[in-house]
There are 2 protein chains.
Amino acid sequence: MRRRATAKNVADAAGVSKWTVIRAFTPGASITEESKRRVLQAAAALNYSPNLLARSLATNLTHQVAIFVDDFANPQKLPFLETLTDRLQAEGLVAMLININNHFDHVRALLNADQRQVDAIIMFGTAFRSETLNDRRLGRSMPPMFVLARDSQIDGVPAVVCDAELALKEIVDHLYEKGYRRPGFMAGAPALSTALRRRHHFIDFWKQKGVDETAVISAERYSAQAGAESVRHYLQNTDAKDRVDVLMCENDILAIGALDEIRGQFGLRVPQDMAVIGFDNYELGGASVYGLSTYEQPKDEMVEVVIEMITGRRPPETVTLPGKLIVRNSA
Amino acid sequence: MRRRATAKNVADAAGVSKWTVIRAFTPGASITEESKRRVLQAAAALNYSPNLLARSLATNLTHQVAIFVDDFANPQKLPFLETLTDRLQAEGLVAMLININNHFDHVRALLNADQRQVDAIIMFGTAFRSETLNDRRLGRSMPPMFVLARDSQIDGVPAVVCDAELALKEIVDHLYEKGYRRPGFMAGAPALSTALRRRHHFIDFWKQKGVDETAVISAERYSAQAGAESVRHYLQNTDAKDRVDVLMCENDILAIGALDEIRGQFGLRVPQDMAVIGFDNYELGGASVYGLSTYEQPKDEMVEVVIEMITGRRPPETVTLPGKLIVRNSA
DNA sequence: CACGCGTTTGCACCCGGTAGCAAACGCATT
DNA sequence: AATGCGTTTGCTACCGGGTGCAAACGCGTG
């Protein structure tokens with residue numbers, strides 16, 4: 001049985017009361033140098049460190065933040081998670097990673113996070129609907145929630161997103177200028193896709209340019225394979241003359257799968273026969289075999305803003321940040 | 001101020017004592033159907049659910065498992081994390097994701113995990129040295145630790161790994177049979193590389209085949225870019241006639257970077273001019289532009305074994321599992 | 001109706017901290 | 001030596017549950 005030393009143990013060893021021990025571990029507490037020295041020495045000998053669980057119970061603060069993720073196919077999640085955990089840790093917080101999937105839905109995850117008394121919940125790119133919040137199993141007062149990298153569809157739950165309207169405007173402007181006139185859009189998993197609003201704005205801006213028809217093709221999931229399958233189906237069922245001249249994919253991982261299929265299996269040239277553009281600026285898209293044009297989300301700033309909201313340094317209101325168009329040779 | 005209902009509140013509402021409320025939430029506890037019904041009804045009305053923090057304090061079990069990760073560049077981490085979190089959640093456990101980096105070293109992470117009373121720690125692919133455990137800041141009794149996807153260099157800390165010896169034997173056998181005789185090995189970040197023992201066995205098996213010389217080239221990190229830079233440096237400084245005929249990269253992400261550079265920047269043919277083989281079977285390596293030969297780790301089984309050890313269903317002893325050679329056309 | 005037995009319920013105490021108040025202490029002043 | 005004041009220390013109560021024991025209860029039996 002693991003048994004850690006408690007404040008009481010240290011107190012006995014140092015010949016003081018447990019409250020004095022606690023003061024020695026509380027910055028700015030009223031304690032003499034001498035007592036502090038003796039306590040710290042006894043604590044070191046016993047390898048004492050405060051039990052954060054007990055502290056959390058008393059203070060009603062766990063310094064834990066739940067991060068909900070429901071799509072692990074997108075490699076872009078990884079750098080985001082890296083930055084998130086790093087920034088959280090710098091603030092003395094720790095990330096609880098919760099996998100939302102068929103076995104573990106949003107309601108269960110919320111219930112779990114709430115029971116564990118997390119200080120905040122970050123819905124990182126998860127498709128989260130307001131009905132979920134109204135589930136009767138859920139209490140009325142949940143920990144503060146934030147949506148990262150996806151629009152919030154819930155009143156009172158702020159989102160931190162890359163400005164999709166601006167992004168799609170820049171993308172469509174660029175494509176139009178390059179001469180493309182028959183646009184197509186590849187959407188990912190239907191359940192996850194809507195909140196991104198990328199499709200919506202893409203179609204809209206083409207309309208503003210007088211191009212009324214945007215072909216929409218759907219992928220099952222967000223993965224290279226799904227992207228490949230989706231474009232294969234499209235190419236097999238569409239005559240060469242009717243095909244789109246540029247395909248915008250909802251994210252880079254779909255775009256990479258599509259690009260690979262277009263060139264590898266159908267022997268078409270990119271961008272001459274069909275141009276492709278993605279979203280996210282996933283590292284491998286920049287590899288010379290792909291040369292994928294894409295749009296980069298301001299990851300660091302987005303994470304920073306969420307952190308500021310969680311720590312209360314910034315009001316919990318939706319923030320939209322501009323990203324950056326990355327032009328390579330696929331479009 | 002968020003205030004959740006407590007067992008006491010429910011007790012008052014249901015007209016019983018708080019212990020009866022607790023019994024209603026304890027499977028198999030001694031309580032009449034009638035009491036249970038009334039308690040659950042009152043609980044539902046108040047949206048009560050037990051405070052897991054308080055429970056953890058009393059039971060000395062948090063059902064939290066810390067996962068240490070120190071390399072977010074390898075996209076292969078993501079499917080592993082997905083499986084890990086999913087399996088943990090199925091066991092009623094939750095993952096605490098801890099980012100080990102320059103700002104947050106192993107000692108700090110261990111201290112933190114210990115203070116938070118996690119039930120176990122999984123070092124997922126982290127380079128962890130036994131000196132760390134001897135750090136005087138650390139107590140003598142840490143939570144149970146397990147190393148996943150990397151050899152353990154510490155007595156008493158079991159590892160769950162893909163059998164590197166078998167893997168490299170299969171790889172070298174395959175390459176030898178294909179006629180390659182001038183092998184090269186690309187190692188990743190020096191601090192992280194040694195524990196994988198891939199280089200070691202690679203060189204060894206070639207020696208057994210009478211090939212004594214294996215060129216070793218190093219990458220700075222585990223990333224496509226680092227792989228590209230590393231191979232660029234090699235190709236620029238090595239005459240065509242002196243070059244290796246097959247390059248084994250420590251993982252797929254390095255291999256993809258290298259492959260891209262070899263073909264894209266140097267115009268060499270793969271595998272004719274130089275063959276490439278990786279490790280991990282990262283999804284994109286299978287894309288037709290790459291066709292990367294690789295070796296797949298038995299992810300699901302590895303995770304399963306760790307879970308069994310954590311839950312005590314399996315003794316905490318190092319387990320080595322066989323993987324699978326995936327032959328595509330890069331080697 | 002008293003008795004006995006198994007079930008249900010309530011209680012004191014515990015987990016390891018925190019908060020705020022009151023007593024004890026140190027020291028200078030009168 | 002008595003007084004006063006600021007600092008240090010200890011104490012009670014509390015956070016929200018869990019444990020093990022003892023009292024209370026229900027019910028069949030003699």
Side-chain angles (χ1 to χ4, degrees), chain A residues 1-40 42-43 46-64 112 114-119 139 141, chain B residues 1-40 42-43 46-64 112 114-119 139 141:
Chain A
M1 199 65 201
R2 269 191 326 124
R3 272 262 87 90
R4 299 162 41 93
T6 71
K8 185 71 175 60
N9 301 146
V10 177
D12 293 347
V16 296
S17 71
K18 74 165 186 171
W19 297 276
T20 302
V21 172
I22 284 164
R23 287 193 180 97
F25 283 88
T26 309
S30 160
I31 185 173
T32 55
E33 277 307 310
E34 167 62 10
S35 302
K36 189 163 185 173
R37 200 188 51 70
R38 283 172 51 200
V39 168
L40 291 183
L46 295 174
N47 257 308
Y48 167 80
S49 62
N51 181 329
L52 259 30
L53 223 55
R55 174 177 295 175
S56 295
L57 182 60
T59 58
N60 210 19
L61 273 180
T62 56
H63 299 284
Q64 291 203 224
N112 198 260
D114 186 38
Q115 281 196 57
R116 289 182 187 274
Q117 322 289 115
V118 298
D119 293 346
S141 70
Chain B
M1 199 68 200
R2 272 190 326 123
R3 273 261 86 93
R4 300 162 41 92
T6 72
K8 185 71 174 64
N9 301 146
V10 177
D12 293 347
V16 296
S17 70
K18 75 164 188 173
W19 295 276
T20 302
V21 173
I22 286 166
R23 286 191 181 96
F25 284 87
T26 309
S30 161
I31 185 173
T32 54
E33 277 308 307
E34 168 61 10
S35 302
K36 188 163 185 173
R37 199 188 52 69
R38 282 173 52 201
V39 168
L40 291 184
L46 295 174
N47 257 309
Y48 168 79
S49 61
N51 181 327
L52 260 28
L53 224 55
R55 174 178 294 176
S56 295
L57 182 61
T59 60
N60 208 21
L61 273 180
T62 55
H63 299 285
Q64 290 204 223
N112 198 260
D114 186 38
Q115 280 196 39
R116 289 184 186 272
Q117 322 290 113
V118 298
D119 293 345
S141 71

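All chains are named by letter (A, B, ...) in the order of the sequence lines, taking the proteins before the strands, and each is independently numbered beginning at 1.
No contact: B/Phe25 has no heavy atom under 4.0 Å from any strand. Across all strands, B/Thr6 comes closer than 4.0 Å only to sugar-phosphate atoms, never to a base (heavy-atom distances). Among the protein residues, A/Thr20 comes within range of the sugar-phosphate backbone only, with heavy atoms under 4.0 Å from sugar or phosphate atoms but none that close to a base. Heavy atoms of B/Lys18 sit under 4.0 angstrom from at least one base atom.
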Side-chain polar contacts of residues 22-32 of chain A - donor-acceptor pairs under 3.5 angstrom, sequence neighbours left out - could you list them?
unit_1: A/Thr26; atom_1: OG1; unit_2: A/Ile22; atom_2: O; d: 2.7
unit_1: A/Thr32; atom_1: OG1; unit_2: A/Ser35; atom_2: N; d: 3.3
unit_1: A/Thr32; atom_1: OG1; unit_2: A/Ser35; atom_2: OG; d: 2.8

Verify side chain to side chain contact (heavy atoms under 4.5 Å, CB included) between B/Gln64 and B/Asp119, making sure each step is shown before the conclusion. CA-CA 6 Å; B/Gln64 290 204 223; B/Asp119 293 345; 6.0 Å; no
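The distance from atom CG of B/Asn60 to atom C1' of C/dG17 is 14 Å, rounded to the nearest whole Å. Between the CG atom of A/Leu61 and the C1' atom of C/dT18 there is a distance of 12 Å, rounded to whole Å. Between the CG atom of A/Asn51 and the P atom of C/dC14 there is a distance of 18 Å, rounded to whole Å. Between the CD1 atom of A/Ile22 and the P atom of C/dG16 there is a distance of 12 Å, rounded to whole Å. Separating the CG atom of A/Asp12 from the P atom of C/dG16 is a distance of 13 Å, rounded to the nearest angstrom. In this structure, the CH2 atom of B/Trp19 is 12 Å from the C1' atom of C/dC14, given to the nearest Å. Straight-line distance from the CZ atom of B/Arg55 to the P atom of C/dG16: 18 Å, rounded to whole Å.
Both B/Ser30 and A/Leu52 sit near DNA chain C, but only B/Ser30 has its closest nucleotide nearer the 5' end. If B/Ala58 and B/Gly15 are placed on DNA chain C by their nearest nucleotide, the residue sitting closer to the 5' end is B/Gly15.
Residue-environment remark: CD (B/Glu33) stays at or below the threshold of 12 foreign heavy atoms within 6.0 Å.
Using modelled atom types and a 3.5 Å distance limit, the side chains of B/Gln117 and A/Arg4 yield a donor-acceptor pair. Side-chain atoms of A/Arg55 and A/Asn51 form no donor-acceptor pair, as typed in the model, at a separation below 3.5 Å.
Residues from residues 31-39 of chain A placing a heavy atom under 4.0 Å of any atom in DNA chain C do not occur.
For the atom pair CG of B/Asn112 and CG of A/Leu52, the computed distance is 7.0 Å after rounding to the nearest 0.5 Å. How far CG of A/Asp114 is from OG of A/Ser141: 6.5 Å, rounded to the nearest 0.5 Å.
First and last contacting nucleotides of DNA chain D toward chain B (any atom under 4.0 angstrom from a heavy atom, 5' to 3' order): D/dG16 to D/dG20.
Contact between the side-chain N/O atoms of B/Thr59 and the OP1/OP2 oxygens of C/dC15 is not found at any separation under 4.0 Å.
Without hydrogens or angle criteria, A/Asn9 side chain to A/Thr6 main chain gives a donor-acceptor distance under 3.5 Å. With hydrogens and angles ignored, the 3.5 Å screen pairs a side-chain donor or acceptor of B/Ser56 with a backbone N or O of B/Leu61.
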